[in-house]
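Accompanying notes for the structure given below.
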Amino acid sequence: MAQHEHEIEGAAERRLADCHPHHRILFDPVPIGPVVAPNRFYQVPHASGMTESNPRVRAAFRGTKAEGGWGVVSTGAVSIHPSSDDSPLPYARLWNEADIASHALTTAAVHKHGSLAAVELWHGGAVVMNRTSRLPPLSPSGVPWAATHIGFMGQQRPKPMDGRDIDAVLQWQRAATRRALDAGFDIIYVYAGMGYLGYEFLLPEYNWRTDGYGGSLENRTRFVREMLEVTRDEAGSKAAVALRISLEELRAKASDHYESEAHGVVSLLSDIPDLWDVKMDSSPNDCGASRFRPEGAHEPIIDFVRKVTDRTVVGVGRFTSPDTMVSQIKRGVLDLIGGARASIADPFLPEKIRRGESDAIRECIGCNICIASWHDGVPVRCTQNATAGEEWRRDWHPERFQKTPQPEHVLVVGGGPAGLEAALVAARQGYQVTMAEQRSDWGGRVLQESQLPGLAVWRRVRDYRVWALSQLGNVAMYTDSPMEAADIAGLKADHIAVATGARWTTHLYSPLEIPSSPLSAARVFTPDDVFADRVAGDRILVFDYDNYYLGGVIAETLGRQGAQVVYATPAGHASAWTFMTNELPYVYKALGEQGVEILTTTNLDHFDGTRAQMRNLFNDEVLERQVDAVVIVGLRLPNTTLYESLQALQASGDGTLASAHIALVGDALAPGAIAHAVHSGHGFARGLLCDPTDLYRRDEPIGLPTPQPVFTEQ
Ligand code: ADP
Ligand code: SF4
């Protein structure tokens, strides 16, 4: 659909009068083949965990970004055929006509705000295992992706493609393009990145062919060229054709005729796509956690593309600063500013820049909880933006808030992520809000953890909320204010959010895979002691069955402070769950740099003050290490003492808190990642204006005819 045919809402308001002059370049329209992006903000394809089973959730999620000013909004990977079946990981599809209607919901939601909709057509090649379709995976030469992570392992090896298979994939791409046009997409992708089929043809490690599709660089680019050609042929002038390509491995390969094989591929295909969407190869590098990868980390790999092709170039780099974005454009690195995480954390980032309100951007912290959602197989969650994925399901808009008919008094006790979010949302809904925090500064655990190596960016969780609260006239904020039930009773609040956080304990770990009894000995510490600077020793054991980042970060911290550190975990990897957030390989590097000894599948039995006795979880082999101190990063329990006192006071019948609504929020309710605390705080405040027994709307697939058609090869 051409852009002028779209019904555009809000375009009249989108003026540049208030935009900082230096940032106006970001709002230039940019032609992409036959279509025109209304500005340079391009939400690149990214996984959302939303599939054909939740089409309304998906449409609202993507549509909200268009509303927030992203000029192009893309889907995540959309499979073109059942031979590209990534189950149980979530993926979308355009396998036949029945799949069109659910995508049309998304394109309508995007077009409504004058943005272009892009579809990332995708064939997974050897990377997918076709666990549900049970078709043979396809690959150039039968070389599998032999992943080291169990979630990606499988016992199905790919079939080497013959000429008929290649023709079939080209026809599937053509048919999916036709369906994508019917669904209303304006930009159609060919995917040659991140290990998937097109990439496998480009890389000699995957492509061992001796026919016209293998060997020389020209031959290895042939499959991608033909995919682009069929897409172009089918799309005609109705849609632009984009090529998404990973360039890291290719750039590392020497070439006889070009500066590198990456230069060669871009030169050989230079003007075939209308748009080059350029990126890295592995997920930990492409979507790197801020702990290890700075903003703009892709530039050294992709900086040449703009010089080799005249076509439009988009790339990413966890950009949240408009000055960095402008610099990318002015220095000729990119034409369009790609955003995936930046657009999840703040769907209204472009609008805020346009209005000259850059301070109001809720910047991504690079924690990669969003990626973990995909690995978990569920719709996207975000630490910074509790409304991500909840736009339709719970009717949570990131910037619009229902107003309370009565400005009742809300007291929030505890100024961590949960308390800050609860206070901010309640205040935006028009309540009179009082916040009390016992410490001398806001932020709770975020304030403490952001002082650890690599986590400084996480402070944005606190900074954004404290800034936003300071802009509102109906909020009173008090630090250095430890609250007890009697103090609270005197304030006569209508609603009390008890966001008092959680505490770490010294519980050991049972071979039944549950926490056992506390370890009560001298010099046994928890992360709370690390934050309070109470841990000292030349040799320290960090015993971690929390398995997320903190145990690893504490081991790194103690190592940096000069201690000789042993890190032990019952899990199979150090900081095992950081696989989910793309951090795992870099955790090992960081621990290696500090000389930390890593013991996996290892349980801690006993510590007598000088000697830690451990045992291999599987073979019972006993290990001992002489250490001065043990830090246990294991069980967290909620801080509910205040809540229980309030409940007791309310039940005492003296009438003090008789009508008050008292709720536990965040870690005090159920300890979790920061994302859980923010979501809980948000939910508390929204819940003030709706029936608290309503959970959420349940989405259902649409557009499926009955009986189902039989798939054919074409
Ligand atoms: P969450 O992640 O749920 O927000 P945090 O542990 O980050 O939890 O934050 C809880 C905050 O509550 C901490 O800053 C802590 O100092 C504060 N707090 C705990 N008990 C009280 C209390 N009785 N009065 C005031 N503040 C409190
Ligand atoms: Fe950024 Fe974390 Fe949100 Fe992902 S979950 S968008 S990394 S803040």
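For ligands, and for the atoms within them, numbers begin at 1 and follow the listed sequence. Heavy atoms only: backbone and side chains are in, while hydrogens, waters and symmetry mates are out.
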Exercise for review: Mark yes or no for whether T506, through its side chain, and L519, through its backbone, hold a donor-acceptor pair below 3.5 Å.
Suggested key: yes
Over-ring placement of R394 relative to Y696, 6.0 Å and 45° cut-offs:
no
**Request:** May I ask you to say whether R503 pairs ionically with D528, meaning some side-chain N is under 4.0 Å from a carboxylate O?
**Result:** no
Nearer than 2.8 Å to atom 3 (Fe) of ligand 2, the protein contributes N, O or S atoms numbering 1
Checklist entry - Would you say D281's side chain and M194's backbone share a donor-acceptor pair under 3.5 angstrom? => result no
Requested in this report: Using a strict 4.0 Å threshold on nitrogen-to-oxygen distance, state whether K352 and E399 make a salt bridge.
Outcome: yes
Got a sec: does the CD of E299 have more than 12 other heavy atoms crowding it under 6.0 Å?
yes
Next on the checklist: Do the side chains of R400 and E67 get close enough for a salt bridge, i.e. N-O under 4.0 angstrom?
Outcome noted: yes
On a heavy-atom basis, the closest approach of A345 and Q384 is CB-CB, 4.1 Å
Query raised in the report: Between R439 and D480, does at least one N-O distance fall below 4.0 Å, as a salt bridge requires?
Result: no
- Item | Salt-bridge criterion met for R686 and D395 (N-O under 4.0 Å) | no
Residues with a heavy atom under 4.0 Å from ligand 1, by chain and number, are V413, G414, G415, G416, P417, A418, A436, E437, Q438, R439, G444, R445, S481, P482, M483, A499, T500, G501, L642, G666, D667, A677
Taking only non-hydrogen atoms of G366 and a 4.0 Å limit, the atoms of ligand 2 in range are 1 (Fe), 7 (S)
